[in-house]
There are 2 protein chains.
Amino acid sequence: MNKTPQKTVERLIQYRRIVQQMRDAGQEKVFSHQIARVSGASPAQIRRDLMGVGYSGSPAHGYIIHDLLQGIYEFLGLTEKKGACIVGLGSLGRAILGYFHEQNPVLKIKAAFDTDPAKTGIVFHGTLCHPASDMASVIRDKEITVAILTVPVEQAQQAAQQLVYAGIRGILNYAPVVLDIRPDIFVENRDMIQAVEKVAYFSK
Amino acid sequence: MNKTPQKTVERLIQYRRIVQQMRDAGQEKVFSHQIARVSGASPAQIRRDLMGVGYSGSPAHGYIIHDLLQGIYEFLGLTEKKGACIVGLGSLGRAILGYFHEQNPVLKIKAAFDTDPAKTGIVFHGTLCHPASDMASVIRDKEITVAILTVPVEQAQQAAQQLVYAGIRGILNYAPVVLDIRPDIFVENRDMIQAVEKVAYFSK
DNA sequence: GTTTAATTGTTAATTTTTTCACAACGTGAA
DNA sequence: TTCACGTTGTGAAAAAATTAACAATTAAAC
Ligand SMILES: NC(=O)c1ccc[n+]([C@@H]2O[C@H](COP(=O)([O-])OP(=O)(O)OC[C@H]3O[C@@H](n4cnc5c(N)ncnc54)[C@H](O)[C@@H]3O)[C@@H](O)[C@H]2O)c1
Ligand SMILES: NC(=O)c1ccc[n+]([C@@H]2O[C@H](COP(=O)([O-])OP(=O)(O)OC[C@H]3O[C@@H](n4cnc5c(N)ncnc54)[C@H](O)[C@@H]3O)[C@@H](O)[C@H]2O)c1
């Protein structure tokens, strides 16, 4: 089903952001080499990635930005309906929540969860913080499919299990631990220390 | 010089974390299939990745954790000497600083920078916040090679240029903008919205 | 000592991803 | 109309990454 390579999906998401900025700047058409210049990918790569999307440009004027965006959008399955939640409103969790609030992306954070009674019941950046024990019902009611996990590392495995039980389909994990959960749940790990180490390695 | 593929480097960094946890749990030896189980990579992949590192395990007892760690360490060039800095101590910047402080990795954040006079001169999580104007001298004095960029998106390009001028070799960029700088500077972009969108796509 | 069982390092095969190359196309100039 | 130009979509080639396969090796069992 998900035959499109992860790399391609990542780039499509990036193209969308880039092309959206061009549209916001008043541009109406775009060529693959223009996207290439700012994304770092080659023009051929971009055309190939776009093959799967189902929208075709024209040799005469390139891609009509409006239609291209629509195409990528639909391909990625980003709709208003889909929603995310964030688990753990510590310093990182609140920073991410603030970022989503100011950027206002299509995929919204519809709910937050924390175990700390001092945080539950409070609205942070427009999002209500629920007690973690309400996870299952809130996730079901709001039709939330993905979760951002920003709890302390000792709590991460347990919180992930709770999320899976609540019916979540994918987790973006910021805790530095490898989650041991069902293989049909998509997990993406993001560790900032690992990221810095990677940059350090390639900064020779 | 950097002939090792990025993917391999990323995995090596991950293996190191995993193996370190095993060591901390008292384990002394490890087999490729054990690393495989928790990392998600295949045993063959792990052995192949390890080929470049310069340490060999034995068919009899697998890898001696102490020596393996040492090998990966040296291969990655992670030494006490190398240092990072963080630019922009907003909510995200302070969260990252706190994370590094508590995790205490080899690659330390040796300095922070901000333009806000209310922040400069203050020590956050053990790290002094310098005025952004001191960037060049501080980076030179402390031999800092990589930077974590967490300034508002409008400031990112300008701050990046300042960093390059100060002699930085790599940037981990959290601002949602593609930096336009010299190609010999290694840039890794990390956008949380893009990450969530990727998870959403694969959570079918 | 010899055998057994398990695991490594590495070469070869396979699969995946990227790049190349070019026919086909549409536009605008002559 | 015809031509020249610049770009797309895509099949084919090339490159890169992953997986498979196996001889070599060593500890422990017998
Ligand atoms: N701060 C960073 O930049 C950073 C970066 C990468 C990873 N991390 C990791 O992300 C996690 C959070 O970091 P932080 O600095 O925000 O920590 P934090 O301690 O400030 O916040 C953790 C929050 O999670 C809540 N929590 C605890 N258990 C919970 C549970 N079972 N369910 C729901 N909420 C729960 C706590 O009440 C707290 O509000 C940690 O694992 C940290 O290692 C942090
Ligand atoms: N908050 C998040 O989770 C998140 C996630 C992804 C990306 N981002 C991006 O990261 C950046 C920071 O986010 P934030 O929420 O921490 O914002 P913030 O406004 O809280 O913090 C920005 C900080 O940068 C400082 N600053 C401004 N210009 C500077 C300069 N030229 N040099 C040094 N410091 C400077 C400001 O004084 C402030 O302290 C933004 O670009 C944001 O879009 C944030």
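Keep in mind the model is a prediction, meaning the values are calculated, not measured. Order of the sequence lines fixes the chain letters, A, B, ..., with proteins taken first and strands second; residue numbering starts at 1 for each chain.
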Exercise for the section: Could you tell me whether T8(A) contacts a base, only the sugar-phosphate backbone, or nothing, with contacts defined as non-hydrogen atoms closer than 4.0 Å? Expected result: nothing
Practice task
Decide yes or no on salt bridge (Lys or Arg N to Asp or Glu O under 4.0 Å) for E28(A) and R23(A), but give the supporting numbers first.
Solution key: CA-CA 6 Å; E28(A) 289 184 359; R23(A) 185 198 56 186; over 6 Å; no
Practice task
Kindly indicate whether the side chain of R47(B) and the base of dT7(C) share any N or O donor-acceptor pair separated by less than 3.5 Å?
Solution key: no
Exercise for the section: Taking only Lys NZ, Arg NE, NH1 and NH2, and the carboxylate oxygens of Asp or Glu, determine whether E197(A) and R16(B) approach each other closer than 4.0 Å. Expected result: yes
Handout entry: Under-3.5 Å donor-acceptor pair between R48(A) side chain and dT19(C) base
Key = yes
Fill in the blank from the handout: Taking dT19(D), dT8(D), dG9(D) as options, the one with an atom nearest any side-chain atom of Q45(B) is dT19(D)
Handout entry: Interatomic distance where CG belongs to D49(A) and C1' belongs to dT18(C) [whole Å]
Key = 10 Å
Exercise for the section: Ignoring the backbone of K7(B), work out which of dT18(D), dT17(C), dT8(C) is nearest its side chain. Expected result: dT18(D)
Completion exercise
side-chain contact (heavy atoms from CB on, under 4.5 Å) with R169(B): of V164(B), I144(B), D184(B), L163(B), only one passes, and it is D184(B)
Exercise for the section: Considering only NZ, NE, NH1 and NH2 on the basic side and carboxylate oxygens on the acidic side, decide whether D191(B) and R17(A) come within less than 4.0 Å. Expected result: yes
Exercise for the section: May I ask you to verify if any side-chain N or O of S42(A) is less than 4.0 angstrom from the OP1 or OP2 atom of dT19(C)? Expected result: yes
Practice task
Identify, between H61(B) and R11(A), the residue whose nearest nucleotide on DNA chain C lies closer to the 5' end.
Solution key: H61(B)
Practice task
Flag the pair L89(B) / F124(B) as yes when at least one side-chain heavy-atom distance between them is below 4.5 Å, and no otherwise.
Solution key: yes
Handout entry: Value in whole Å for how far the P atom of dT18(D) lies from CG of L12(B)
Key = 12 Å
Exercise for the section: Mind checking H33(B) for me? I need base, sugar-phosphate or nothing, with any heavy atom below 4.0 Å counting as a touch. Expected result: sugar-phosphate
Exercise for the section: Let me know the distance between CD1 of I46(A) and C1' of dT17(C), rounded to the nearest Å. Expected result: 15 Å
Practice task
Kindly point out which of dG9(D), dA24(D), dT11(C) is positioned nearest to the side chain of M51(A)?
Solution key: dG9(D)
Problem - Q6(A) CD - dA16(D) C1' separation (whole Å) - result: 17 Å
Problem - Euclidean distance, atom OH of residue Y63(B) to atom P of dT26(D) [Å, nearest integer] - result: 15 Å
Problem - Whole-Å gap separating P (dT7(C)) and CG (L68(B)) - result: 16 Å
Problem - Along DNA chain D (nearest heavy atom to each residue), the more 5'-positioned of A60(A) and L50(A) - result: A60(A)
Completion exercise
Whichever of P59(A) and P43(B) has the more 5' nearest nucleotide on DNA chain C, that residue is P43(B)
Practice task
Return the nearest nucleotide to the side chain of S32(B); candidates are dA24(C), dT8(C), dA20(D).
Solution key: dT8(C)
Exercise for the section: Using whole Å, report how far NZ of K29(B) lies from P of dT26(D). Expected result: 14 Å
Exercise for the section: Find out whether N173(A) and E188(A) are in side-chain contact, i.e. whether some heavy atom of one side chain is under 4.5 Å from a heavy atom of the other. Expected result: no
Exercise for the section: Kindly say if Y55(B) contacts the phosphate of dG9(C), meaning a side-chain N or O under 4.0 Å from OP1 or OP2. Expected result: no
Problem - Any S58(B) side-chain nitrogen or oxygen under 4.0 Å from OP1 or OP2 of dT25(D) - result: no
